[in-house]
Each structure stands twice: as structure tokens, then as C-alpha cells.
Amino acid sequence: MHCYDCALEDTATPAIAVCARCGCGVCLRHASVLGQLVRHSVGMGPSCGRKPARRVTCRTCHEAEAFDHVRRVG
């Protein structure tokens with residue numbers, strides 16, 4: 001599998017991962033790797049693990065998800 005974003009640039013670069021959101025192949029240059037806490041329902045409410053899991057997304061999905069976390073001022 002090749003990187004989708006590189007293919008749009010007419011380059012064939014092997015993918016190193018698959019975007020967790022859209023499923024496109026991504027190369028090292030186009031991958032965004034972040035930690036994500038894993039939540040488990042335990043007892044009276046949700047609980048998080050101590051170590052975050054690795055989550056890989058393409059740049060497009062990373063930017064789309066970042067929009068949801070922007071705080072508006074004013």
C-alpha cells in the first residue's frame with residue numbers, strides 16, 4: 001500500500017500506517033501520531049489507563065479533529 005497524500009503529489013511512497021479515522025495509507029511524512037487515553041467502564045464510572053495508546057491519523061483527519069478542540073474567545 002502507498003501513501004494516499006503522496007499519490008496526490010504524484011509520488012509513490014510506501015505507507016507505514018493506516019489512518020485510524022478514514023483508513024487511508026500514510027507515510028512517515030504525512031502521519032500524525034498522538035497519544036489517546038483508553039477509557040474503560042469500571043464500577044461507578046469510567047476509568048482511564050495509565051499509559052496512552054498510540055493513534056495514527058493522516059494530516060487531513062488530524063486537522064479536522066483539531067478543529068473540535070479549538071476554544072473560541074469573545
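- Other members of the hydrophobic cluster containing Y4, listed by chain and number, are L8; membership follows side-chain contacts under 4.5 Å among ILVMFWY residues, whether direct or relayed.
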Taking only distance into account, with no hydrogens and no angle test, what donor-acceptor pairs under 3.5 Å do side-chain atoms of residues 27-35 form with protein atoms, sequence neighbours excluded?
{"from": "R29", "atom 1": "NH2", "to": "E9", "atom 2": "OE1", "distance (Å)": "2.9"}

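- When the side chain to side chain contact (heavy atoms under 4.5 Å, CB included) test is applied to A15, the partners found at least two apart in sequence or on another chain are M1.
- Shown here are the salt bridge (Lys or Arg N to Asp or Glu O under 4.0 Å) partners of R21, two or more places apart in sequence or in another chain: E65.
- Interatomic distance, CZ of R59 versus SG of C19, reported as 13.0 Å (0.5 Å rounding).
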